[in-house]
Amino acid sequence: MSSTYNHKTIEEIIQNKWNEENRYVSKIDKREKYYCLSMFPYPSGKLHMGHVRNYTIGDVISRYKRMKNFNVFQPMGWDAFGLPAENAAIANRVSPDDWTNQNIENMKSQLQSLGFSYDWSKELRTCDSSYYKWEQLIFKKFYDAGLVYRKKSMVNWDPEDKTVLANEQVIDGKGWRSGAQIEIKEIDQWFIKITDYADELLSSLEELDWPENVKLMQKNWIGKSYGAEIEYKIDASKDSLITFSTRPDTIFGVSFLAISPNHPLAIKISKDNEKISNFLDKCKEAKAAEADMAKAEKLGIDTNLRVIHPLTGEKLPVWIGNFVLLDYGTGVVMGVPAHDSRDYEFAKKYNLNIKEVIQNNEEELPRTENGILINSDKFNGLSSEEGSKKIIEELVKLKSGKQLIQFRLRDWGVSRQRYWGCPIPVIYENGDPKVINEKDMPVELPKLKKNSPPIPLSQNEDFINLGNNLFRESDTFDTFMDSSWYYARFTSSNNNSEIFDENTNYWLPVDLYIGGIEHAILHLLYSRFFHKALRDIGLVEGNEPFKRLLTQGMVLKDGAKMSKSKGNTVDPQSYIEKYGADTVRLYMMFTSPPEQSLEWSESSVEGASRFLKRIWSLIEGKKYIKQDIKFEFSKEEIELRRKCHATLKKVENDYESRFSFNTAIAAIMELLNFIPDEFKKDNATDAQKFCLNEAILFSLKMLFPISPHICEYLWSSFVNDGSCIESSWPEYDEAIIESDEFELIIQVNGKVRGKLNISKNLDEETVKNLSLGVENVKNIIADSEIKKAIFVKDKLINFVI
RNA sequence: GGGGAUGUGGUGGAACUGGUAGACACGCUUGGCUUAGAACCAAGUGCCGCAAGGCGUGGGGGUUCGACUCCCUCCAUCCCUACCA
């Protein structure tokens, strides 16, 4: 009678049906809108498991919301500029353009085979000039608003290839292709003043429905700190050094100043001091990445300059330290070895003074927590907080300092010296930069000659030299620029005459944004900044782009991030072919909760497939017969109905507020396991069939968001009335879920010693007496005196003996 | 170095508000079906113990009638660290 489950045929039939119905093209209508966005992929060639996981989560929620009658918008596009295209171009002699387009084509068909319900009519790719034209316009508007400036900044320079390298391309201080020792080089670059928005980026975190850990990471990254700017006069000179410190209470413990190797003063004295000049050269060999810098050995050199302590008049040495960042604060650190672990390490190494000025319950130095001031002249005995306040007042009086709020956040360098990116729309006239007019946009990225490797724009004479002393800017934008506003452009991606339109205000903000936890800081912070800046130039409404955020954990293989750069990927394609999209989606959602990392394991996929086969054989060939409820249900039937409605309630909560798909699936499995065998037989009673039908209908609908093909297929053959499963989330009946009995837990000294099925709402005395009648409980208590009993109504009783 | 997470059976995980630890699966064991295997079906499965019972949520300590859950401390692993995306 029944056929076996064939995922290939079913998925093809159902996907064709969706396409014919144009089911996932979204338009403005009267229902409540729901903009569900998953982070668009970099088109690296094939989908990896991280994508499958991310996009399945987005699709499950989109489908669930559609069933709940929301007007759902779920678009998809391509973060198409970036380094890998250039690398592939060099390795395979394919143009970045062709390589990217082929990858997009391939990945798009993979996405379609997974049955994701995207509105493909809004597809965009950041490498199309129809997209980046508007990015160039945004840059101009930002420039006009005073948010853009030029500044010298460090890059990793490969002296052999004569190119700038990304941090990723520097391995052990050497260029990954040339093997040459990398140098830190300073070049002019474009910056965007994200720091103008530092305060708002911090304060409006509060209004976001985001995971607390992500908000905390952003908060710490922005790093607002209250402290003091303190001036140290250089001995025998009119100049001075200015430091910022969050611990002015430790000022009497300062025993040296350390300046950055890139500090103008360091460069100045290196000019006629060979030792120092050698030291600075050595510092240039370090990698620019913060993590490497922090791990590197702390090195320093005495400049022989002395500064005067503003409160004690003491003369202190000025050192150059490789751990001092020029970009943070003033590029000068006041060294307090006794109360800062980095300064302590440095002072020990170079035999500098260590002076204790804070007393607290930390026994050993360095004592980094707040405490009580000692050895601090008239400030002795004050707390750190009070001491800081009084010391700042004193410094202000002496005109040697002031209170200051400092951010850790630095301005955003958006220049990249590469080919495959959005050209920065600037022309230099006699060396003066001028942003071009909107009518001359887009500045198109020049096509490459056939089979030529991608050369940076700076070496493309045809592109940059416009004659008459006019030169084009040769830097391209950081690809984070491209991904900082795509969420907004999706709403108007077909509009070639305006950047945004009435659809933009209808769909924004994004109601749910889903993506990897690795983007918790940079991408999300840049996008938030963009939204605020776009708001202030009148292009969008609202303060924040992403109302709610779901950060999925990494997909790991052998304990490490699966990534194209590490080459430890598992190809989803073979699994889609072997088991089908429904199984792959089910496996992904069942294996671990979305926010946790998922360690890939082969063996469980089989189990997911088996579950779908069980559903298939339970339902295939059965027909739904609509019946009125006219039955006196038996106890067994009542229990099935209770389980059925309770499961629906749980699944709804799991989808809606917990994003806990693994427990939702487990609950559906439990429900199906719970159906007694007699109910499934042809000779079952009408009442049994009624209960079975209810369980089947609920299960198919509950599982539809996760494994939509098989559910829609079975549902339409089971119900066969032309209605659509996608608009029909069922309702549970609280009265059916309610039971007048519960299982009482009986504990003795906190250990479970018995269980009892009893009526609800019994008072403590009755429950106590019933419990003490349980054989095992009686034996354990025996002659012991019951000191007290803890009673939790309709839950447990605990006897303390 | 800094910031953020995670740690529960052989494995993935559940326990949502401090109240039954191990739901639901994978794997394994036994049995059925089969010439045999696969698939499927049924039963069992945290550890120690014949049992009674004891022990168990990374290690150590604490709070509580009661702790996977709260506090302190230590350890291990993963992510981010501003030019991978």
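Letters A, B, ... mirror the listed sequences (proteins, then strands); counts begin at 1. FYI, side chains are in, hydrogens and waters are out, and symmetry mates aren't considered; it's all heavy atoms of this structure.
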Under 4.0 angstrom between Asn662(A) side-chain N/O and rA14(B) OP1 or OP2 = yes
Select base, sugar-phosphate, or nothing to describe what Gln189(A) touches, counting heavy atoms under 4.0 Å on all strands.
-> base
Provide, to the nearest angstrom, the distance between the CG atom belonging to Asp292(A) and the P atom belonging to rC83(B).
-> 14 Å
Contact class for Val214(A) vs. all strands (heavy atom < 4.0 Å): base, sugar-phosphate, or nothing?
-> nothing
Hey, does the side chain of Arg342(A) come within less than 4.0 Å of rG2(B)'s phosphate (OP1/OP2), counting only N and O?
-> no
Taking OP1 and OP2 of rG12(B), is either one under 4.0 Å from a side-chain nitrogen or oxygen of Ser592(A)?
-> no
Polar contact flag, side-chain donor to acceptor under 3.5 angstrom, Asp475(A)-Ser415(A) | yes
Atom CZ of Phe590(A) and atom C1' of rC24(B): how far apart are they, to the nearest Å?
-> 5 Å
Interatomic distance at C1', rG13(B) relative to rG46(B), whole Å = 14 Å
Specify the separation, in whole Å, of atom CD of Gln596(A) and atom C1' of rG12(B).
-> 10 Å
Please state how far atom CD1 in Ile797(A) lies from atom P in rC65(B), giving the value in whole angstrom units.
-> 16 Å
Considering only side-chain heavy atoms of Leu409(A), which listed nucleotide, rA23(B), rA82(B), rG1(B), is closest?
-> rA82(B)
What nucleotide among rG1(B), rC24(B), rC83(B) has an atom nearest to a side-chain atom of Asn167(A)?
-> rC83(B)
Using Watson-Crick geometry (N1-N3 plus N6-O4 or O6-N4) or G-U wobble (N1-O2, O6-N3), each under 3.5 Å, rU64(B) is paired with none
NA contact type, Glu595(A), heavy-atom cut-off 4.0 Å: base, sugar-phosphate, or nothing?
-> nothing
Do Val333(A) and Asp343(A) have side-chain heavy atoms sitting under 4.5 Å apart?
-> yes
With P as the reference atom in both, quote the distance from rG31(B) to rA25(B) in angstrom, rounded to an integer.
-> 24 Å
Across all strands, who's sitting opposite rC33(B) as a Watson-Crick or G-U wobble pair, both distances under 3.5 Å?
-> none
Return the value, rounded to whole Å, for the distance between atom CG of Leu524(A) and atom P of rC79(B).
-> 18 Å
Start with the C-alpha gap between Phe477(A) and Phe81(A), add the side-chain angles, then the distance that decides, and say whether ring-ring contact (aromatic ring centres under 6.0 Å, His included) holds.
-> CA-CA 10 Å; Phe477(A) 281 133; Phe81(A) 274 137; 9.9 Å; no
Searching all strands shown, indicate the nucleotide that pairs with rG7(B) (Watson-Crick or G-U wobble; both distances under 3.5 Å).
-> rC75(B)
Could you measure between the two P atoms, the one in rG19(B) and the one in rC33(B), and give it in whole Å?
-> 48 Å
How would you label the contact of His519(A) with the nucleic acid (heavy atoms, under 4.0 Å): base, sugar-phosphate, or nothing?
-> base
Say you pick atom C1' in rG9(B) and the same atom in rC71(B); how far apart are they, in whole Å?
-> 28 Å
What integer distance in Å separates Leu756(A):CG from rG19(B):P?
-> 21 Å
Under 4.5 Å between any side-chain heavy atoms of Phe529(A) and Leu524(A), yes or no?
-> no
Could you tell me whether Lys613(A) contacts a base, only the sugar-phosphate backbone, or nothing, with contacts defined as non-hydrogen atoms closer than 4.0 Å?
-> nothing
Look at the side chain of Arg658(A) and decide which nucleotide, out of rA82(B), rA15(B), rA85(B), has an atom nearest to it.
-> rA15(B)
Roughly, in whole Å, what's the span from NZ in Lys295(A) to P in rG2(B)?
-> 12 Å
Is any side-chain nitrogen or oxygen of Arg610(A) closer than 4.0 Å to OP1 or OP2 of rA39(B)?
-> no
Under 4.0 Å between any heavy atoms, over every strand shown, what does Gln169(A) touch: base, sugar-phosphate, or nothing? Just pick one.
-> nothing
With C1' as the reference atom in both, quote the distance from rC79(B) to rG18(B) in angstrom, rounded to an integer.
-> 31 Å
Any side-chain heavy-atom pair from Arg753(A) and Phe799(A) closer than 4.5 angstrom?
-> no
Checking all strands, does Ser657(A) fall into the base, sugar-phosphate, or nothing category for heavy-atom contacts under 4.0 angstrom?
-> nothing
Sticking with atom C1', work out how far rA23(B) lies from rC74(B), rounded to a whole angstrom.
-> 32 Å
Separation of rC80(B) atom P from Phe480(A) atom CZ, nearest Å, is 11 Å
Nearest listed nucleotide, side chain of Pro593(A), among rG13(B), rC16(B), rC65(B) | rG13(B)
Heavy atoms under 4.0 Å, any strand shown: does Arg408(A) hit a base, just sugar-phosphate, or nothing?
-> base
Closest to side chain of Met217(A), choosing from rG4(B), rA25(B), rA23(B) = rG4(B)
If we take the C1' atom in both rA5(B) and rG53(B), what is their distance in whole Å?
-> 40 Å
Examine distances only and state if a side-chain atom of Asp158(A) and a backbone atom of Asp161(A) form a donor-acceptor pair shorter than 3.5 Å.
-> yes
May I have the step-by-step check of ring-ring contact (aromatic ring centres under 6.0 Å, His included) for Trp485(A) and Tyr131(A), ending in yes or no?
-> CA-CA 10 Å; Trp485(A) 68 288; Tyr131(A) 180 81; 4.4 Å; yes
P gap between rG66(B) and rA76(B), integer Å = 32 Å
Short side-chain N/O contact from Arg416(A) to OP1 or OP2 of rA85(B), under 4.0 Å = no
Compute whether any side-chain donor of one residue and acceptor of the other, for Asp411(A) and Thr195(A), lie under 3.5 angstrom apart.
-> yes
Would you mind telling me which of rA82(B), rC83(B), rA5(B) lies closest to the side-chain atoms of Gln417(A)?
-> rC83(B)
Closer than 4.0 Å, any side-chain N/O of Asn673(A) to the OP1 or OP2 of rA25(B)?
-> yes
Reckon Trp221(A) touches a base, only the sugar-phosphate, or nothing at all at heavy-atom distances under 4.0 Å?
-> base
